[in-house]
Structures are given as C-alpha cells and as structure tokens.
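To start, the structure itself, in structure tokens.
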There are 2 protein chains.
Amino acid sequence: MSSSPRLSSPAPAKSERYHHGDLRRALLDAARALAAAGGVEALTLREVARQAGVSPAAPYHHFSDKNDLLRAVATEAFELLTRAMAVAAESTDDPVQRLKAIGAAYLAFAFAHPAEFRFMFRHELCLPPGVPDPLEQAGTASYGVLLTAVEAAQKSTQVRSGSPDTELSTLGLTLWSAVHGLSSILLESPMSKTSTPEIGQHLARSVIGNVLRGVLTEEQRD
Amino acid sequence: MSSSPRLSSPAPAKSERYHHGDLRRALLDAARALAAAGGVEALTLREVARQAGVSPAAPYHHFSDKNDLLRAVATEAFELLTRAMAVAAESTDDPVQRLKAIGAAYLAFAFAHPAEFRFMFRHELCLPPGVPDPLEQAGTASYGVLLTAVEAAQKSTQVRSGSPDTELSTLGLTLWSAVHGLSSILLESPMSKTSTPEIGQHLARSVIGNVLRGVLTEEQRD
DNA sequence: TTTAGTTTCTAAACGCTGTTAAGTTACGTT
DNA sequence: AACGTAACTTAACAGCGTTTAGAAACTAAA
C-alpha cells in the first residue's frame, strides 16, 4: 500500500493538476481545433493555452515560439497527408489509376482539413536553411509518395515520345502542381462554399486525367 | 493673383501638411512596400501609417479595416496580373503559344511580386457572399484572360477526342491549376531561394507543355 | 525520508497591435 | 465671413506574443 500511494487517492482531473501530464499533446490538439473552428487568424497562443487550461506562458516550455507550435501542427498534418496518399496508392495495382487515387486523396485531405492545408505550405514556417527542419522533411515525404507512383507509372507505360522534358522530376512536378493548384483554388475561391467535396473529386479526376493524357502514352478512361 | 494664392506660397512638404493630399494612395503604396520588404506579417497598419507620416487612426478615414486595406492592395495586384496576362496574350497569334505565354506571365508575376501573390488568394480577404467584391471581380478578370485564350485554342486546334470532360471550364481550370500550383510551390518551397526566375520559366514551359499535350490534339514543340 | 536538483507551471509585466471615441484643423460652399 | 463636412490627432482600450522571476511538483540520490 505504502509503496503506491497514488492508487489510494483518485487521480485529480487533468485541469486541476499542477503538472498537466501531456501538455504538449493537449496544446497541439487545441491548436488544431481552433484552426479548424475559426481559421489561422483565430489561432492565438493565449487561446490555445486557455483551452488547455494553463497560463499564457506555459506553452513556452514545450514550444520555443508560436511559429514553433504552428510548425508542429503543420508537420503532423503532412504526416497525415502522407499516410492518406500511401493508403490511396495501395488501393489499386494499376499505375495510372494509382496516380489518380493519390491525387484524389490529396484533394480529399485539403477538403477535410482546410485550415491546416492553408498554412502547411507557408514558407515563413520553415526553419532557416541548413537547420534540419521536420516540416520540410514531412513535406518531402508526401512528395515522395507521389514520385514513387510516377516512377512506377513511367516504367509500366510508355512515356510520350518526342518530349525532352519528361523526366521524373518534371512529371512529378506537373502532377503535384495541378493537384495542389486545384486544391488551393477550390479552397480559396469564393465559390468554394458552393462546391462540395463530390464536385471537387470530379474535377480532380478530370484535371488529373487531362494531365496524365499529356504525359503518358496509354490513355485510360475514368 | 488673388484667385490662385497657392502659387504665391510654396506648397509645404507633404509630411508637414495637415491634409495629406492623397493619403489613400500613399497608404496603398506603403503597404505594398512593407509587404515586399518583410512579407505579410510585417505589414502592420500602424507601420503603414508611420511610413505615410500620419497617426495610427488616420487610415480609418480611407479604409474601414486592416483587411479592407489588404483587400485593396490585392485587388490592385490582380489588375496588374490581368494586364500582364493580356500583354502576354497579344505577344503572338498562335493560340497554343499564346497559352504558354500567358502561363509564363503568370509565373513571372508571382516571382516579381511574391508578397502580394501570397495573400491575393486568401479567402478571408473576400467580402461575404452577396456583397459586390472588387477583389473577387479582379480575380475573375484575370481568369477571364485565360479562358478567352483557351476558347481560341479550342477553336483553332482539335480538342482531343474521347474525353467527355474537355469543356471550356475544365480545360481552363486544368491550366489555371497547373500554373497556379507551380507558382505556389516554387514560391513557398524552401528550395525557392535556390530556384531563379529562369528555372521557373523553364519549368513553367515544361508543365504547361505537359498539360497542353493532354488537352489538345496538335502537338507543338517549345 | 530527507534533500537537492530539475522540470513544469504561474503571476506579472513589457511593448506591440487593431480599433474606437472625442476633439481639432483645414477645406469647400454658400 | 460663416458654416458644414471631411481629414486628421490625441488618448485610450483590450488583446496579443513574449520575457522574467518565482512557486510547485516530480525525480533521484543519500
């Protein structure tokens, strides 16, 4: 008994304990919830602390900065995106369909997490060059899923001839640009309120189809 | 003489006059300069007023809000973009080359005005739906330049057959997505410091070429 | 079990921001 | 010349990010 006194006294509610337990996790979750509810401009460090039930200075023991907190949220969002793209990639064995599935997953992520998507790519979040940057790594990992699928598609289908620029990097960049651009436009445009995720998915299929037709010889229908 | 007393007394320096003359213009210019120098986060309403040599409350006689000032800056940026795209469209008579020129102009604008480009598309700048929004109109005008060129290209070249989705809107959206996505990625990516405008132009040509190949029957080389 | 050391938090303050209210100055008109 | 209006200033408010100093709780060794 005396060796485990904690069992005798019931654990107080997290909000009443002086030491939070996992404040870092709570701060990240609160930040995510605030961004989802009111956009990035509603994401205040003081409000995050308030939601977690701690003082305004408490977050500074877990994040060096407000930017540091935002960077961590963005990094986790990229990890989620990477997983979603990887799951989509495993949904089919056909390389072209796989590319379409990855693009659809990308757009679905943007619609599911609009607030995070809007600041995941902001360059001011990145650390200065030279310093290892988890956000940059997480973004590169997402891009890597696409690049792998592009490479597979290139091997299995003939790359359109007569085009000197259809290297891996250019093909991947073309696809990433098209899908990222579409996601941004649908998300930021005023018409985004009227456009449902279903419309977005349909447009994504069309846009990806258009691009793939330009890049691969084999034509594949929706 | 008495009818034009201003000529007798030399006009005092703008900074010394109580009435600024054209404070609205000065605020817009100062805002643009601040954004160009230090990004959007450096664009403070108080600093804008400081640069214009007026008190922090003065801007409120010309803009209802900080957002209102930002919206005006973004609107003017869209007007500049529209002009640049229109000029590029007139640079050639070939419809496909015209599309490439417009895309290159878009990317060149993004590189020339990165700070403005980064917030021109933020949806929180837009007015609530229903209210006539100059920013939305200016953006639609830019898009219109592209749509007109796409329409011309569709008439002059055969649209690739067997694709049910190659309507005007989808084609335009595909091109806009690809070019906008590429601009965003090049601008926001950490590698953007190393990528020169020339590299960007080259990538733009490749990406647009890839997309056009998917959309139009006639193949045209760079 | 006490003690020392370290981590995690609070309280209070700083300068900055966007914004508003009330008062002042200059302009345009009659 | 006087008045009404528009453009500005001064002063203040709450809220923000951040820092400093100190209190509280956990950890581990004596």
Side-chain angles (χ1 to χ4, degrees), chain A residues 1-7 9 11-28 30-31 34-35 38-73 119 124-125, chain B residues 2-28 30-31 34-35 38-73 119 122 124-125:
Chain A
M1 295 291 181
S2 61
S3 63
S4 60
R6 286 189 198 141
L7 290 181
S9 66
K14 280 182 184 175
S15 59
E16 297 174 8
R17 300 205 307 174
Y18 188 92
H19 281 24
H20 186 286
D22 196 354
L23 181 55
R24 184 187 158 90
R25 183 72 265 141
L27 293 171
L28 286 170
L34 277 176
V40 190
E41 60 267 20
L43 205 165
T44 294
L45 201 50
R46 290 180 105 104
E47 182 62 31
V48 169
R50 230 168 275 140
Q51 296 278 331
V54 295
S55 79
Y60 286 88
H61 291 269
H62 301 273
F63 302 96
S64 67
D65 228 47
K66 181 188 181 183
N67 243 345
D68 195 35
L69 169 62
L70 255 55
R71 188 179 313 121
V73 173
F119 72 85
E124 64 259 28
L125 282 188
Chain B
S2 62
S3 64
S4 61
R6 288 192 193 137
L7 291 180
S8 56
S9 66
K14 280 182 185 176
S15 59
E16 299 173 5
R17 298 206 306 173
Y18 188 91
H19 280 24
H20 185 285
D22 195 356
L23 181 56
R24 184 186 157 90
R25 182 73 266 141
L27 292 171
L28 286 170
L34 277 176
V40 191
E41 58 268 20
L43 204 166
T44 292
L45 201 49
R46 288 181 106 104
E47 183 62 30
V48 168
R50 232 169 271 140
Q51 296 278 330
V54 295
S55 80
Y60 286 88
H61 291 267
H62 300 273
F63 302 97
S64 68
D65 227 46
K66 181 187 181 184
N67 244 344
D68 195 34
L69 169 62
L70 255 56
R71 189 179 311 123
V73 173
F119 73 85
R122 298 208 178 158
E124 64 260 29
L125 282 188

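Letters go in sequence order (proteins before strands), and every chain restarts at 1.
Near DNA chain C, meaning a heavy atom under 4.0 Å from it, residues 43-50 of chain B has B:T44, B:L45, B:R46, B:R50 in order of number.
With rounding to whole Å, A:D65 atom CG is found 9 Å from D:dT18 atom C1'. In this structure, OH of A:Y60 is placed 14 Å from P of C:dT10, rounded to the nearest angstrom. One can place CG of B:L70 at 15 Å from P of C:dT17, the figure rounded to the nearest angstrom. Rounded to an integer number of Å, the gap from B:F63 CZ to C:dT19 P is 13 Å. Between A:L34 atom CG and D:dG15 atom P the separation is 16 Å, expressed in whole Å. C:dG18 atom P lies 13 Å from atom CD of B:E41, rounded to whole Å.
Here A:H61 does not reach the OP1 or OP2 of C:dT10: none of its side-chain N or O atoms lies under 4.0 Å away. Contact annotation: A:H62 side-chain N/O to C:dC9 OP1/OP2 distance is under 4.0 Å.
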Counting only pairs under 3.5 Å, give me each side-chain donor-acceptor contact of residues 40-49 of chain B, with atom names and distances, residues two or more places apart or in other chains.
{"unit_1": "B:E47", "atom_1": "OE1", "unit_2": "B:R50", "atom_2": "NH1", "d": "2.4"}
{"unit_1": "B:E47", "atom_1": "OE2", "unit_2": "B:Q51", "atom_2": "NE2", "d": "3.0"}

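Closest to the A:L23 side chain, of the nucleotides C:dA11, C:dC9, D:dT10, is C:dC9.
Contact detail for B:L125 and B:L70: the closest heavy-atom pair is CD2-CB, 3.8 Å. The two residues B:F63 and B:D68 come nearest to each other via the heavy atoms CA-OD2, 3.4 Å. In plain terms, the two heavy atoms of A:A52 and A:L23 that are nearest each other are CB-CD1, 3.9 Å.
Side-chain atoms of B:D22 and B:R24, non-hydrogen and from C-beta on, do get closer than 4.5 Å to each other.
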